[in-house]
Amino acid sequence: MVCAQSSAILCLVGPTGTGKSSLAVQIVQKVEAEIVNCDSRQVYADFPCITAQPSDEHRARCPHHLYGFLPPDQAIDAGRFVSLAQEIILDVQTRGKLPILVGGTGLYFRALVYGLAPIPDIPPQIHERIQTQCREQGPEGLHRRLQEVDPETAARLHPRDRQRITRALEVHAATHRPLSWWIRMYPCDQPRYNTLSFGLWSDLDSLTPILKERIERMWAKGALQEAARAWQRCPDESAPGWSGIGCWELLQVLLGRWTATQAQQEWLKNTRAYAKRQLTWFKKEPGIIWFKPGQTASMTDTVQSWLEQ
RNA sequence: GCCGAGGUAGCUCAGUCGGUAGAGCAGGGGACUGAAAAUCCCCGUGUCGGCAGUUCAAUUCUGUCCCUCGGCA
């Protein structure tokens, strides 16, 4: 066993269904390590099966952090993820172990590795006010306002991108500084950890049958019952936990809106589209060493020589 | 067999009063600084069922054949 340097983290990223979780557990057999989740949906306690959280068997092999700890009515965001993950990573490193960051949420990965501008939390009343305005005036209306208070951000956002437009307006309203100011003041272009990043790359055509099979396996393992239990605890379609792919499709079956077949088709379609977005994101991410699933034999050697440096 | 209604993009269909066509969905590509499994953006050549006729020009009109779906036998 090799011990980790104090500031090192290993990252394992790539689209859904490429086998990141199993690979992480394999690496743990060679290196003293603990696994840290980097996936925005696997944090939800009510959806272990549907969001493909590591199995009990995997979790028994080494500590797994930030999985399945949040109820579906509670939101998580990149900022909160980063502060939770930072604390855990530091703790793991202090104990002389290597943190392995595993997951497919590109924004969380980048925010953790490269940092995030220290924008304070937005007070709930400001958030609510701007969301209401967006509903009333539409994203285009808010985009026009953003052009006045933050022309730089407005220029790079499409007038219908309500999520980013409202966020930029919220930042301005809460801090009296435009989002572009924060980003300029706190550029996030240098990694804050000594990082080795692996990516598992699989093109969509090869991934599709795997995703299809995984959905069938989840179905057989009781995904629908899992959703039914979650619905009893949180009967609110708009709750953050329900936005996961699969959760929403299964809910349509529970509410009698879709047939099982329809839901499975939509589930696969949406998963594929998501995998494509992940590929697009990670392709651009610098410094990732790419492997094909199943051709990862040299990976642990790379990890060990990196740790010995 | 007769009478209707159809055959146009992978699917569902619109349209062309004759000048070789366009929507939705599917599919493909892209963006991304606290909702990110989210939120958005861009991308449409297809023997217009086959063959023949009329015409400068036919997917459009005419004839004929083939196929599908109704109704009657």
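Source: prediction; values computed, not measured. Every chain is numbered from 1, with letters handed out A, B, ... down the list of sequences.
A donor-acceptor contact under 3.5 Å is formed by the side chain of Gln131(A) with the base of A35(B). At a cut-off of 3.5 angstrom, counting only N and O atoms as typed in the model, there is no donor on one side facing an acceptor on the other between the side-chain of Arg160(A) and the base of C41(B). The base of G34(B) lies outside donor-acceptor range of the side chain of Arg80(A), with no N or O pair under 3.5 Å.
Residue contacts for Arg184(A): at a heavy-atom cut-off of 4.0 Å it reaches no nucleic acid atom on any strand shown. Here Ala111(A) lies out of heavy-atom contact (under 4.0 Å) with every strand. When heavy atoms are screened at a 4.0 angstrom cut-off, Gln278(A) is found touching no nucleic acid atom at all. Within 4.0 Å of Asp39(A), counting heavy atoms only, lies at least one base atom of the nucleic acid. Within the nucleic acid shown, Leu179(A) comes within 4.0 Å of sugar-phosphate atoms alone, with no base atom in reach, counting heavy atoms only. Within the 4.0 angstrom heavy-atom criterion, no nucleotide atom of any strand lies near Tyr114(A). Heavy atoms of Trp281(A) sit under 4.0 angstrom from at least one base atom.
Here G28(B) presents its C1' atom at 13 Å from CG of Leu279(A), a figure rounded to the nearest Å. If you take NZ of Lys269(A) and P of A26(B), they are 4 Å apart, rounded to a whole angstrom. Rounded to whole Å, atom C1' of U33(B) lies 13 Å from atom CD of Gln163(A). What separates CZ of Phe81(A) from C1' of A35(B) is a distance of 15 Å, to the nearest Å. When rounded to the nearest whole Å, the span between CD of Glu170(A) and C1' of G34(B) equals 10 Å. Phe282(A) places its CZ atom 12 Å from the C1' atom of C32(B), with the value rounded to the nearest Å. If you take CG of Asp205(A) and P of G27(B), they are 12 Å apart, rounded to a whole angstrom. With rounding to whole Å, Leu107(A) atom CG is found 13 Å from A38(B) atom P.
For U33(B), one of the phosphate oxygens OP1 or OP2 lies less than 4.0 angstrom from a side-chain nitrogen or oxygen of Arg164(A). For Thr280(A) and G30(B), the shortest distance from a side-chain N or O to OP1 or OP2 is below 4.0 Å. The phosphate of G30(B) (OP1 or OP2) has a side-chain N or O of Lys276(A) nearer than 4.0 angstrom. Between Ser40(A) and A37(B) there is a side-chain polar atom (N or O) within less than 4.0 angstrom of OP1 or OP2. Taking only side-chain nitrogens and oxygens, Arg277(A) never comes nearer than 4.0 Å to OP1 or OP2 of G29(B).
Nearest nucleotide to the Leu116(A) side chain, out of G30(B), U33(B), A37(B): U33(B). Here the side chain of Arg156(A) is nearest to one of U33(B), G34(B), A31(B), namely U33(B).
For A26(B), there is no paired nucleotide, since no Watson-Crick or G-U wobble pair has both relevant distances below 3.5 Å. Taking a pair to require two hydrogen-bonding distances under 3.5 Å in either a Watson-Crick or a G-U wobble arrangement, A5(B) pairs with U68(B). When both pairing distances are held under 3.5 Å, U45(B) makes no Watson-Crick or G-U pair with any nucleotide shown. If you check C56(B) for Watson-Crick or wobble pairing at under 3.5 angstrom, you find it paired to G19(B).
Spacing between G4(B) and C65(B) at atom P, rounded to whole Å, works out to 15 Å. U60(B) and U55(B) have their C1' atoms separated by 13 Å, with the value rounded to a whole Å. Separating the P atom of U16(B) from that of G1(B) is a span of 34 Å, rounded to the nearest Å. Spacing of P atoms, G6(B) relative to C42(B), comes out at 36 Å, to the nearest Å. For U33(B) and G19(B), the P atoms lie 49 Å apart once the distance is rounded to whole Å. Comparing the C1' positions of G44(B) and U20(B) gives a spacing of 16 Å, expressed to the nearest Å. Separating the P atom of G70(B) from that of A38(B) is a span of 41 Å, rounded to the nearest Å. On the C1' atoms, U59(B) is 14 Å away from A14(B), given to the nearest whole Å.
Remark: the backbone N or O of Pro63(A) is not paired with any side-chain donor or acceptor of His65(A) at under 3.5 angstrom. Between the side chain of Gln262(A) and the backbone N or O of Thr259(A), at least one donor-acceptor pair lies under 3.5 Å. For His172(A) (side chain) and Asp150(A) (main-chain N/O), no donor-acceptor pair under 3.5 Å exists by modelled atom type. Judged by distance alone, the side chain of Gln252(A) and the main-chain N or O of Trp248(A) form a donor-acceptor pair under 3.5 Å. Side-chain atoms of Gln278(A) come within 3.5 Å of backbone N or O of Gly104(A) as a donor-acceptor pair.
G50(B): glycosidic angle beyond 90° from 0, hence anti.
In terms of position along RNA chain B, the nucleotide closest to Leu157(A) lies nearer the 5' end than the nucleotide closest to the other residue of the pair Asp161(A) and Leu157(A). Heavy-atom distances to RNA chain B give each of Trp267(A) and Cys188(A) a nearest nucleotide, and the one nearer the 5′ end belongs to Cys188(A).
Taking the six-membered ring wherever Trp is involved, the centroid distance between the rings of Phe47(A) and Trp242(A) falls below 6.0 Å.
Considering only heavy atoms from C-beta on, Leu211(A) comes within 4.5 Å of Arg272(A) through its side chain.
Residues Glu32(A) and Arg95(A) are not paired through a salt bridge, judged by the lack of any N-O separation under 4.0 Å between the basic side chain and the carboxylate.
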